[in-house]
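A quick write-up on the structure given underneath.
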Amino acid sequence: MVKRVGGQEGTLWRGLKVIGIGIRQEPLIFAAAVLGSALYGAGTAGGGWLLGRITDKVLTPAFEAGRIEGGELARAGLLLAGVAVLTAIGVVGRRVAAGLTSYRLMARYRRLLTRQYLRLPLEWHHRHPAGMLLSNANADVEATWMVFAPLPMAIGVFVMLLVAGAAMLVADPVLGAVGLLVLPWVVLLNAVYQRYMSPAVTRAQAERGEVSSVAHESLEAAAVVKSLGREASETERFAARAAQLRVANVRAGRLRAAFDPLMEAIPTLGTLAVLGVGAWRVQNGHAGTGDVVQVAYLLSLVAFPLRSMGWVLGEIPRTVVGWERTNAVLSETASMPYGQAEPAPGGAVAMQLEEVAYAYADNEGDHYEVLHDIDLQVGAGRTLALVGPTGAGKSTLATLLVRLVDPAKGTVRLDGTDVRDLRPGGVAELAALVPQGTFVFNDTVRDNVTLGDARFSDEDVLRALEVARADGFVRHLPLGLDTVIGERGADLSGGQRQRLALARALVRRPRLLVLDDATSAIDPRIEAEILAGLGTLSEDPADASVTVVVIAYRRATIALADEVAYLENGRIADRGTHAELLARSPGYRRLVTAYDHDDEEREDLDREAEDLTEMTRR
């Protein structure tokens with residue numbers, strides 16, 4: 001990350017370093033923008049010089065003689081028109097190229113951030129709110145590179161100042177010196193502005209991220225908020241953050257509002273000073289009228305471009321803050337190590353956990369251990385049910401099996417190989433997880449199953465849907481596989497969403513299937529058919545069997561398992577068949593019996609909802 005140093009000089013230096021990074025990444029387009037800006041600057045200053053010459057050589061003699069030659073006036077007009085055309089070309093070139101530079105950099109860094117988000121391990125995401133990450137990819141990236149919109153013009157201003165300054169000094173050294181006195185005042189004003197603006201913008205960017213985070217949480221939990229009648233509370237929570245952002249933005253806006261008029265006033269006051277001194281020098285015969293017109297005109301022309309320097313300097317605090325927040329993510333080195341081992345060939349995978357422990361960490365470095373010394377073996381082709389109360393560590397164990405996270409200690413082995421020794425993508429070839437929270441993309445049924453993977457044909461998709469018992473409702477959709485499902489599967493019932501998520505895992509023909517309460521909304525009879533049909537995914541009998549780990553609470557689901565592991569307080573409290581645990585484990589018996597009553601009511605409601613959905617479609 002760019003090193004923080006105090007004061008305005010530190011902010012300006014850090015901003016120039018960020019600008020240098022952008023220039024190195026888009027050198028040709030930025031050079032075109034600077035070339036256009038230089039043409040604009042030279043044309044504008046050259047026009048002022050030409051206007052002074054025309055005043056002295058054409059207009060003043062014409063007024064003195066009482067007549068004007070049409071040919072001379074036409075030539076003067078053509079010269080001014082030519083300079084105006086070149087200046088216009090420079091303006092267009094500068095704006096197009098500057099816009100391209102800015103937006104290409106934004107697109108580049110949004111892609112870099114997205115790739116980084118996907119590369120970083122799940123443990124890192126546990127410590128960073130999704131809303132904050134969205135703010136990084138949107139507002140922070142925009143704040144970082146928006147400086148390239150006014151930057152080429154500001155560079156062109158230097159060309160203009162050089163040409164205009166030389167022309168003013170040549171026309172009349174005294175008037176030129178008076179006009180150039182505006183520059184130290186501009187520098188001083190910007191120095192003061194940077195000192196106060198930098199912390200104000202830093203605060204505003206941080207508050208923007210907090211607002212995004214709260215909004216993301218509220219929208220993600222919209223169903224929960226509505227069902228519990230907490231709309232007013234969530235509105236107040238968001239309003240409080242929005243009010244803090246408003247205060248921060250208003251403070252930054254006040255500083256900018258005070259800065260802009262002063263930046264505009266300095267060149268205007270300089271022009272008035274030139275006119276006052278110029279009138280006195282013309283009266284005393286020390287300067288000509290054309291010299292005064294030339295210097296005053298050049299200084300008035302420079303007044304607006306000088307503001308572009310203020311825009312650049314005004315953007316630099318936002319650039320620095322946006323870059324530091326963006327680069328903090330891009331500089332993250334958290335990763336999951338991989339080996340070179342190939343996944344073992346064959347059918348179902350044998351699974352083994354040896355003294356596995358896992359702890360969640362927060363941003364303060366505190367750890368909360370949820371799994372302790374887990375020892376577990378599951379034979380190839382067997383079905384294991386993980387049962388336990390809420391918070392026992394079942395979902396965490398599921399993520400360990402498919403290596404979304406690594407254990408704090410201990411080893412997870414698939415077919416005897418430590419998952420950390422497998423090559424990248426090796427675990428994904430062996431295992432598939434259907435998580436507790438079913439996510440459906442706003443896309444077609446086909447792309448929801450394949451996730452855009454061209455390896456899978458429509459036959460593969462239909463076969464996976466059939467095994468997941470989802471082919472029935474898909475056939476009744478208006479366009480079948482091409483039907484676009486609403487965002488988060490809003491057009492589907494809970495059971496239909498779960499079966500679609502199952503098909504997404506099954507199309508990949510996993511040899512280890514981990515179901516994290518992924519069939520809770522599916523009728524037990526259909527659930528039994530799905531588990532029984534897993535062996536029909538592959539036409540090769542050697543690859544037909546699948547090892548299944550299912551996190552369940554329903555007695556009907558648990559009864560389908562070959563073996564049950566009962567988790568309590570992050571440890572395996574008991575293990576055996578469903579009947580054995582009912583007989584000897586009081587905690588298991590209480591838990592399953594309590595679930596049975598809730599399960600019956602939920603199944604009735606789910607069946608009614610699914611029947612209603614399918615009747616509506618017909």
Q) When rounded to the nearest 0.5 angstrom, what is the spacing between CD1 in Ile572 and CG in Leu397? A) 7.0 Å
Q: Provide the closest heavy-atom pair for Thr593 versus Arg555 in the form atom of the first, atom of the second, distance.
A: OG1-NH2, 4.3 Å
Q. Is any side-chain heavy atom of Glu324 less than 4.5 Å from a side-chain heavy atom of Val320?
A. yes
(Q) If you compare all heavy atoms of Ser335 against all heavy atoms of Arg119, which two are closest, and at what distance to 0.1 Å? (A) CB-NH1, 3.6 Å
(Q) Check whether Asp415 reaches the backbone of Ala350 with its side chain - one donor and one acceptor, N or O, closer than 3.5 Å. (A) yes
Q: Find out whether Phe441 and Asp447 are in side-chain contact, i.e. whether some heavy atom of one side chain is under 4.5 Å from a heavy atom of the other.
A: no
Q | N-O pairing of Glu429 and Arg423 below 4.0 Å | A | yes
Q | Expected output: side-chain Arg446 to main-chain Leu451 donor-acceptor under 3.5 Å | A | no
Q: Could you check Glu529 against Arg525 for salt bridge (charged side-chain N to carboxylate O under 4.0 Å, His left out), going step by step and ending with a plain yes or no?
A: CA-CA 6 Å; Glu529 293 176 359; Arg525 176 182 56 82; 3.2 Å; yes
Q. Going through the checks in order, is the side-chain contact (heavy atoms from CB on, under 4.5 Å) test met by Leu500 and Ile485?
A. CA-CA 11 Å; Leu500 195 62; Ile485 302 172; 3.4 Å; yes
Q) Does the side chain of Val474 come within less than 4.5 Å of Leu481's, by heavy atoms? A) yes
Q | Working for side-chain contact (heavy atoms from CB on, under 4.5 Å), residues Leu433 and Leu404 | A | CA-CA 10 Å; Leu433 168 68; Leu404 290 179; 3.8 Å; yes
Q) Backbone N or O of Glu355 within a donor-acceptor pair of the Asp375 side chain at under 3.5 Å? A) yes
Q) Under a 4.5 Å cut-off applied to non-hydrogen side-chain atoms, are Val564 and Tyr588 in contact? A) yes
Q. Counting distance only, does the side-chain N/O of Lys394 pair as donor-acceptor with the main-chain N or O of Gly570 below 3.5 Å?
A. no
Q) For Asn448 and Asp443, which heavy atoms make the closest approach, and how far apart are they? A) ND2-O, 3.3 Å
**Q.** Greater than 12 external heavy atoms within 6.0 Å of Phe456's CZ
**A.** yes
(Q) How long is the straight-line distance from CE of Met351 back to CG of Leu430, given to the nearest 0.5 Å? (A) 13.0 Å
Q. Do Tyr553 and Ile558 pass the side-chain contact (heavy atoms from CB on, under 4.5 Å) test, and can you show the C-alpha distance, the side-chain angles, and the key distance before you say yes or no?
A. CA-CA 7 Å; Tyr553 67 90; Ile558 299 169; 5.8 Å; no
Q: Drop me the distance from Glu459's CD to Leu462's CG, to the nearest 0.5 angstrom.
A: 7.0 Å
Q: State, yes or no, whether a side-chain contact exists between Val378 and Leu512 at a heavy-atom distance under 4.5 Å.
A: no
Q) Looking only at heavy atoms, what is the nearest atom pair of Ala552 and Val387, with distance? A) O-CG2, 3.8 Å
Q: May I have the step-by-step check of side-chain contact (heavy atoms from CB on, under 4.5 Å) for Leu515 and Leu513, ending in yes or no?
A: CA-CA 6 Å; Leu515 305 177; Leu513 180 63; 3.7 Å; yes
Q: Find the distance between CG (Asn327) and OG1 (Thr144) and round it off to the nearest 0.5 Å.
A: 9.0 Å
Q | Validation row: Thr411, Val356 side chains within 4.5 angstrom (heavy atoms) | A | no
Q.
I'd like to know if the side chain of Ser395 pairs up with that of Asp516 as donor and acceptor (distance under 3.5 Å, no hydrogens or angles considered).
A. yes
Q. Is a side-chain donor or acceptor of Arg589 paired with a backbone partner of Leu582 at a separation under 3.5 angstrom?
A. yes
Q.
Determine whether a donor-acceptor pair (N or O, by modelled atom type, separation under 3.5 Å) exists between the side chain of Asp562 and the backbone of Thr383.
A. yes
Q) Do Gln25 and Tyr109 pass the side chain to side chain donor-acceptor pair (under 3.5 Å) test, and can you show the C-alpha distance, the side-chain angles, and the key distance before you say yes or no? A) CA-CA 11 Å; Gln25 294 183 356; Tyr109 274 82; 2.8 Å; yes
Q.
Using 0.5 Å steps for rounding, measure from the CG atom of Asp458 to the CZ atom of Arg463.
A. 15.5 Å
Q) Just wondering, do Leu112 and Arg115 contact through their side chains at under 4.5 Å, heavy atoms? A) yes
Q: State, to 0.1 Å, how close Arg403 and Pro337 come at their nearest heavy-atom pair, and which atoms those are.
A: NH2-O, 2.7 Å
Q. Within the side chain of Thr399, is there an N or O that forms a donor-acceptor pair under 3.5 Å with the backbone of Thr396?
A. yes
Q) Does Arg469 reach the main-chain N or O of Ile530 with its side chain, forming a donor-acceptor pair under 3.5 Å? A) no
(Q) Less than 4.0 angstrom from a charged side-chain N to a carboxylate O is my criterion; do Arg575 and Glu580 meet it? (A) no
(Q) What I'd like to find out is whether the side chain of Leu591 reaches to under 4.5 Å of the side chain of Pro389, using heavy atoms alone. (A) yes
Q: Consider only side-chain N and O atoms of Gln352 and Glu354, and report whether a donor and an acceptor are under 3.5 Å apart.
A: yes
Q) Are Arg127 and Glu123 close enough for a salt bridge, meaning some N to O gap below 4.0 Å? A) no
Q: Using a cut-off of 6.0 Å, state whether more than 12 heavy atoms not belonging to Arg104 lie near its atom CZ.
A: no
Q: Taking only Lys NZ, Arg NE, NH1 and NH2, and the carboxylate oxygens of Asp or Glu, determine whether Asp406 and Arg420 approach each other closer than 4.0 Å.
A: no
Q: Would you please say whether a donor-acceptor pair under 3.5 Å links the side chains of Asp453 and Thr450?
A: no
Q | Phe439 six-ring face occupied by Arg497 cation (under 6.0 Å, within 45°) | A | no
Q) If only atom types and distance count, is the side chain of His125 paired as donor or acceptor with the main-chain N or O of Tyr117 below 3.5 Å? A) yes
Q: Would you give the length of the straight line joining atom CG of Leu386 to atom CG of Leu376, rounded to the nearest 0.5 angstrom?
A: 7.0 Å
**Q.** Under 3.5 Å donor-acceptor, Gln116 side chain and Glu332 backbone
**A.** yes
Q) Where is the tightest heavy-atom contact between Ala348 and Thr547, given as atom of each residue plus distance? A) CB-OG1, 3.4 Å
